[in-house]
Protein chains: 2
Amino acid sequence: MAASRRPTLADVAREVGVSAKTVSRVLNEDGPASARTREQVLAAVAKLGFQPNLMARNIRVGGPDATIGLVIPDVANPFFGAVARAIEDTVRERGLTLLMGSSADDPARERALTDQFLARRVSILMVVPSVGADHTHLKSHREAGLPVIFLDRPGVGLSTDRVVSSNRVGAHDGVAHLIAHGHRRIGFLGDLPLKLYTRRERLAGYRSALDEATIPYDRSLVANAHDQQSAEAATAQLLDLADPPTALFAGNNIMALGIVAELARTKRKDVAVVAFDDIALAEALEPALTVVAQNAQELGEAAATIALTRLDGTRTRARTITIPTRLIARGSGEQPAPGTNA
Amino acid sequence: MAASRRPTLADVAREVGVSAKTVSRVLNEDGPASARTREQVLAAVAKLGFQPNLMARNIRVGGPDATIGLVIPDVANPFFGAVARAIEDTVRERGLTLLMGSSADDPARERALTDQFLARRVSILMVVPSVGADHTHLKSHREAGLPVIFLDRPGVGLSTDRVVSSNRVGAHDGVAHLIAHGHRRIGFLGDLPLKLYTRRERLAGYRSALDEATIPYDRSLVANAHDQQSAEAATAQLLDLADPPTALFAGNNIMALGIVAELARTKRKDVAVVAFDDIALAEALEPALTVVAQNAQELGEAAATIALTRLDGTRTRARTITIPTRLIARGSGEQPAPGTNA
DNA sequence: CTGAAAGCGCTAACAA
DNA sequence: TTGTTAGCGCTTTCAG
């Protein structure tokens, strides 16, 4: 019944009648050990259910802990979940484990998480920076050799490696696809906050596509939302304008859900849609959803790979890796633009 | 340029001209400290960028680490992502951080992860057990006071708390819904491996619903798949039978994706569908997808809550918490059964 | 091949 | 209010 203490090296040593160091040697395959000793030690380890205390080991060895600290906005978001999985798979063979937290895009929570991870002496720190967060405090750690990687968005106050999607080009291509099918009034439904890097980049891509086609930028066609529900409402508002858009561009996967749900609810199939970021069942919708797909897996992989390179001592200057997006035309972008020239 | 050693308590103490213990006192708000000393210490801490080494602290204090070890099949699966997020949110105010790994339903990987977590002296261990994994080795840890929780499925060789969905009842209700709409040939598309707990439970629910309606069980209507692609193929095969099903029941979210994608690809709207587990955009499909929704959030919350209770010393016997599922009829379950009585 | 002593960074338990 | 000593569980260093 007593919650007995976990066995230690010393306990094992005592059981065998040998010194702690000898047990350590056997377990770490350090130095030599007679076959007999080895067997006895292993037996005692099994008998006592001994598991070395990794924290104690790390303390003594002095090196960083074999963990990678990862801060993302939300594990429940399939995009970031996929990124996390790719990172995990890439670092696993190096023996690194994931220490993870959701910031909910709150700079305070992000900071609490990074501080926590630093205090745990992670080997690598990867962050999807929140709007309003400052990363100057990470500078000294980076200089001391800690690989710090910004994911999906650039950080503030620290020049370090970052891996982002080709947001601007991707958005441009998606909007250009709509324009190519005759649309001139194209709504943009973006993320919040307005200062969010990805939102700004994608809006910039949207604008550049309009510019190319000499379509004037109309602020009333730009709406914002922060979750699926508000995206649905924003969609309804856009379509209620006196001179409504004939096509919509979704700034991310959540916005896409909102647009699609709202159009389905009101049974409107006449609105063309292109979404940034692929979503499940896009091909089963009617019409099937055309998207500018991000490559979550490659994004995670690239981040993990460059982090491992840094861990191995590469000291070249900060790199920015851009993961290409891909336009997948499935139909929704080709809804005819009514009255284009009627 | 030199990767200078991270500052330690002693460094701070030296800087101020005070003992290490005093610095420790100030930082942990342990014992008293003069205002002047406190200020100096805080200043030095800021100046040196000192961050206490949590591992060293934990070693000395002897308690478990403020982390919760979580093993799930795949972070990229939205269902498990949502569960993870709920756990995280529930334990955050207690200061616990997530140490997470994807097992890919591989018992060896699951074991490697749990061992890793145990070596890190996590405060709580939560596992979604893989088929083929044995958990006898966790017994001693549980007896020593470590809260161990099985999530989504029961574990083998260890009686401990577990939190599962009402798989059997949920599946029964979903299939009964199809039967109520006149269907008698209902296909079941389940997960792999066949021994998977959730699959077996849901199949049992399927069978019980058939029994109730005195519909004979037809093995040829039961198919299996392990990802969306194979689910699509299995769907095609089921519908190619000489006496094909008029309705399909999806055993989980991935199977649902496969069924819906395949029906969309072949433009078949005459097949009724009910899926276990809700998926994004279910309401935007045509017909909208009827589902037996699991409550991922409540599942995670319940698991975290009971774990915290254990952490606080509750020693009552192992509990099984069943999170109810909910039938959400959206239309796809009500496709008419052709020739029911023609 | 094995052990004893020292010490990683921190805090508990006593002093002063 | 502060410092000293010891020790957490492990490994390094140096002797046997």
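Naming: A, B, ... by sequence-line order, numbering from 1 per chain.
In the model, A:S103 has no side-chain atom that pairs as donor or acceptor with a side-chain atom of A:R109 under 3.5 Å.
Helix-axis bend for the helix from C:dC1-D:dG16 to C:dA16-D:dT1: the local axis fitted to the five terminal pairs at one end deviates from that at the other end by 40°, rounded to 10°.
By the ring-ring contact (aromatic ring centres under 6.0 Å, His included) test, A:F150 is found to be paired with A:H135, residues two or more places apart in sequence or in another chain being considered.
By the 6.0 Å contact criterion, CZ on B:R92 is enclosed, its count of non-hydrogen atoms from other residues, nucleotides or ligands being greater than 12. Few gaps surround CD on A:Q51; more than 12 heavy atoms of other groups in view lie less than 6.0 Å from it.
Sequence neighbours left out, the pairs with a member in residues 47-61 of chain B that pass salt bridge (charged side-chain N to carboxylate O under 4.0 Å, His left out) are B:E15-B:K47. Identified under the salt bridge (charged side-chain N to carboxylate O under 4.0 Å, His left out) test for residues 299-308 of chain B, with sequence neighbours left out: none. Residue pairs that meet the salt bridge (charged side-chain N to carboxylate O under 4.0 Å, His left out) test with at least one member in residues 29-38 of chain A, sequence neighbours left out, are A:K21-A:D30.
Judged by distance alone, with hydrogens and angles left aside, the side-chain atoms of A:R317 form no donor-acceptor pair with the main-chain N or O of A:T160 at under 3.5 Å. Not one N or O on the side chain of A:Q297 forms a donor-acceptor pair closer than 3.5 Å with the backbone of A:A86.
Residues from residues 16-28 of chain B with heavy atoms under 4.0 angstrom of DNA chain C, sorted by number: B:K21, B:S24, B:N28. Using a 4.0 Å cutoff on non-hydrogen atoms, the parts of residues 49-67 of chain A near DNA chain D are A:F50, A:P52, A:N53, A:A56, A:R57, A:I59, A:R60, A:V61, ordered by number. Of the residues in residues 111-119 of chain B, not one places a heavy atom less than 4.0 Å from an atom of DNA chain C. Taking a 4.0 Å limit (strictly below) on heavy-atom distances, residues 31-45 of chain B does not reach DNA chain C anywhere.
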Pair A:V127, A:V148 - check side-chain contact (heavy atoms from CB on, under 4.5 Å), show working. CA-CA 8 Å; A:V127 181; A:V148 177; 5.5 Å; no
Could you list the donor-acceptor pairs under 3.5 angstrom formed between side-chain atoms of residues 65-75 of chain B and any protein atom two or more places apart in sequence or on another chain?
from: B:D65; atom 1: OD1; to: A:R120; atom 2: NH1; distance (Å): 2.8
from: B:D65; atom 1: OD1; to: A:R120; atom 2: NH2; distance (Å): 3.3
from: B:D65; atom 1: OD2; to: A:R120; atom 2: NH1; distance (Å): 2.7
from: B:D65; atom 1: OD2; to: B:T67; atom 2: OG1; distance (Å): 3.3
from: B:D74; atom 1: OD1; to: A:R85; atom 2: NH1; distance (Å): 2.8
from: B:D74; atom 1: OD1; to: B:A76; atom 2: N; distance (Å): 2.9

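With rounding to the nearest 0.5 Å, the separation of CD1 in A:I124 from CG in A:L311 is 5.0 Å.
In 5' to 3' order, the nucleotides of DNA chain C bounding all contacts with chain A (an atom under 4.0 Å from a heavy atom) are C:dC1 to C:dC8. On the nucleic acid side, DNA chain D contacts chain B at distances under 4.0 Å to non-hydrogen atoms, with the end points of that region at D:dT1 to D:dC8.
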